[in-house]
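Any value given below was found using the heavy atoms of this structure, including those in side chains, with hydrogens, waters and symmetry copies removed. Naming: A, B, ... by sequence-line order, numbering from 1 per chain.
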Number of protein chains: 2
Amino acid sequence: MPKKRVTLADVARLAGLSTTAASMILTGRPDTRLSADAHAKVHEAATTLGYRPNVAARALRTDKSRSIAFISDYVATTRFASGLIRGALAGAEDAKHVMLVLETGGEPAREIQAVEAALDRQVDGLIFAAMRAREVFVPDIAINVPTVMLNSTSARFPLSVLPDEYEGGRTAVRLLVEAGVSESVVLVGHNAEEEAGLFRSESISRRFAGIRDEMGARGLRFDAELSCWNWEPDQGYALTKAQLQKGTPRGLLCLNDRLAFGAYQALTEAGLAIPDDVALVSFDNDELASYLRPGLTTIGLPHQEMGRRAVNLLFAGQKAKPQMVPMPTLIRGSLPAAH
Amino acid sequence: MPKKRVTLADVARLAGLSTTAASMILTGRPDTRLSADAHAKVHEAATTLGYRPNVAARALRTDKSRSIAFISDYVATTRFASGLIRGALAGAEDAKHVMLVLETGGEPAREIQAVEAALDRQVDGLIFAAMRAREVFVPDIAINVPTVMLNSTSARFPLSVLPDEYEGGRTAVRLLVEAGVSESVVLVGHNAEEEAGLFRSESISRRFAGIRDEMGARGLRFDAELSCWNWEPDQGYALTKAQLQKGTPRGLLCLNDRLAFGAYQALTEAGLAIPDDVALVSFDNDELASYLRPGLTTIGLPHQEMGRRAVNLLFAGQKAKPQMVPMPTLIRGSLPAAH
DNA sequence: GGCCCCTGCTAAAACCATTTAGCAAATGCT
DNA sequence: AGCATTTGCTAAATGGTTTTAGCAGGGGCC
């Protein structure tokens, strides 16, 4: 049963030529002087035998494996991960590469193992991805292949792909204002310490910066800025509920959809109507956002596009430049229609 | 800069032995007769040089690549995918293997390409995963490595890993009854045609079977069975809302958390309290379930455990058997506490 | 005819590890 | 002492591809 795989030598034999000829023809070398007849015979032999090159042998010779590695801290913890992976996978497939996925849990020891495992397999490129955009620890190992930081940054590898949070922040404010909501707006999730860059990611501080600048440019101020550590639904619920004691805001700018989700719960419980009593805008385009009633208007994280661009950068060579990927705007019912 | 990699020959030279000796010692062959001194010298040489075997060379010789392939229809479409991947990844890491992830979108052409790409790379095992448990099309290519069906089945490969939906179904009913909710219960999502096995997955029909059997065993009947095609929140909302016109049920058994989510919305809107007016149980342990207030009691899909077991099966050899993985019960506030 | 160049192809080395077959020296046995 | 066995190790083949170096033959040129 274990019929041996067809090798290049088999193809060459059937074509009546040398393996050299077969190799050159099948790999499509440009400047070879082999006859058209030879080309035809080799291709025919290859297809009739169903020849598939042995990647290991090729890798051994050329140091190229037609594969890349995707090394991330967590793949499952956040529902975003899969967007990054999916985009990267699509990019890899287009480039006829295969993708190794490795998870490190953010532990240095596992990071080292992951990088070594990848390098051992002669990968043609490395993608370091973080589930929350941040400076990532890259193990101090000799890395001799193109490397891209995805949703993360590193002093060592300047090539990164990040969401354009600054513009995203500005857009969120603009959406509110254009919907007629500019007075009595509350920011949910803001945390002064975090904004100082001490505790959360750089990209979140760019989100803040965009929001602040756009507010400033329009001469607006938030009625209140509610802080919390975890941007989870229960925090959104608690903060909103407490805020409602002091009066009903006209709008809520939530720093992510989970906070907004909690806010919805508090608002509904208080008998307030969305968007007529209170309007909301948020960030991330979490799956949740479309499930809510009315749907949550949100500035999405373009994870899939980011994943794809990361792979493209890997293969872009010299002309590769860091990328800021625009965040899409998802208009749903949580904002009143502009009149 | 491109310092050449350390090879086995380098190690052997430093140790003052042959590559044969070095190879045997480093691969830990059992019945070799090399001296303890030789062992020491080789190991020392290897660590001082930082030797790492070239996987391609090894694969070429041994046909083993210390890698497996995870081939799935969709990796990102459902938030469950990542659980399967994560579990498989952990299993692979434990076995010192690396995992290739390939996505096919369920398209036969891409399936073939994926399998060939994997086989070309001498993977030591194949996992076919489907995001919804179902019979999966496996391309008709010679596959000469261990293969496991994950959350899916195939006539060709009997080794599968599936959630134990039958027991899960029974448990859901039991939970309701034990919480004192046995009269006036409505089933949300049931679809007769699907139950006939025509349109949805086999594992869902086992879920139905478990529910039906447990109800029958206790002499109970549903007050109503509400059908819909898509188990999405808006369907849950619509079905529940319509049902409320006819009276308020004591309990809802929802076939997944998204339906339950929609049901929550309808119930809240109608001013009904959970769980005092209406109790709910559901399936999947979607991320949503913990965000709801009160939390949704649900029978979870053990995706991570399933992924891990699939990998283990790959390496289990002869004694590998198909697996039914128990579904965990997540008790939250949507059921009244048993008195 | 002698020389050079071009055309069309191939032999053989290289990549790096594993593994088979086997050699030389030491030991054991009678 | 003589022979067989064990011990401790190595030479060389092997896996499948790419690539360097070069060969044979034909034609052009003077």
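The side-chain heavy atoms of B:Ile143 and B:Val138, taken from C-beta on, include a pair separated by under 4.5 Å.
B:Arg58 contributes no side-chain N or O that forms a donor-acceptor pair with the base of C:dT18 under 3.5 Å. At a cut-off of 3.5 angstrom, counting only N and O atoms as typed in the model, there is a donor on one side and an acceptor on the other between the side-chain of B:Arg33 and the base of D:dG8.
Nucleotide C:dT18 holds its P atom 14 Å from the CG atom of B:Asp63, rounded to whole Å. Nucleotide D:dC9 holds its P atom 8 Å from the CD1 atom of B:Ile25, rounded to whole Å. Taking atom CG of A:Leu60 as the reference point, atom P of D:dG15 lies 14 Å away to the nearest angstrom. Rounding to whole angstrom units, NE2 of residue B:His39 and C1' of D:dC9 are separated by 12 Å. Across the protein-nucleic acid pair, A:Met24 atom CE and D:dA21 atom P stand 12 Å apart, rounded to whole Å. The distance from atom CZ of B:Arg66 to atom P of C:dT18 is 11 Å, rounded to the nearest whole Å. In this structure, the CZ atom of B:Arg5 is 9 Å from the P atom of C:dC16, given to the nearest Å. What separates CG of B:Leu26 from P of C:dT19 is a distance of 13 Å, to the nearest Å.
Note on A:Thr7: every side-chain N or O is 4.0 Å or more away from OP1 and OP2 of D:dG16. For the OP1/OP2 pair of D:dT19 and a distance below 4.0 Å, the side-chain nitrogens and oxygens of A:Arg29 include at least one atom meeting the criterion. Listed pair B:Tyr51 / C:dC16 fails the phosphate criterion, with no side-chain N or O lying under 4.0 Å from OP1 or OP2.
Across the interface with DNA chain D, nearest-nucleotide mapping of B:Ser35 and A:Thr20 shows B:Ser35 to be the residue nearer the 5′ end. Annotation: of the two residues near DNA chain C, B:Leu8 and A:Leu17, the 5′-most nearest-nucleotide partner is A:Leu17.
Taking 4.0 Å as the cut-off between side-chain N and carboxylate O, B:Asp120 and A:Arg5 count as a salt-bridged pair.
Classification of the B:Phe128-B:Phe157 ring pair by plane angle, with boundaries at 30° and 60°, yields parallel.
Counting any heavy atom pair closer than 4.0 Å across all strands shown, B:Ala38 reaches sugar-phosphate atoms only and no base atom.
Residues satisfying the side chain to side chain donor-acceptor pair (under 3.5 Å) test with A:Ser67, not counting sequence neighbours, are A:Ser65.
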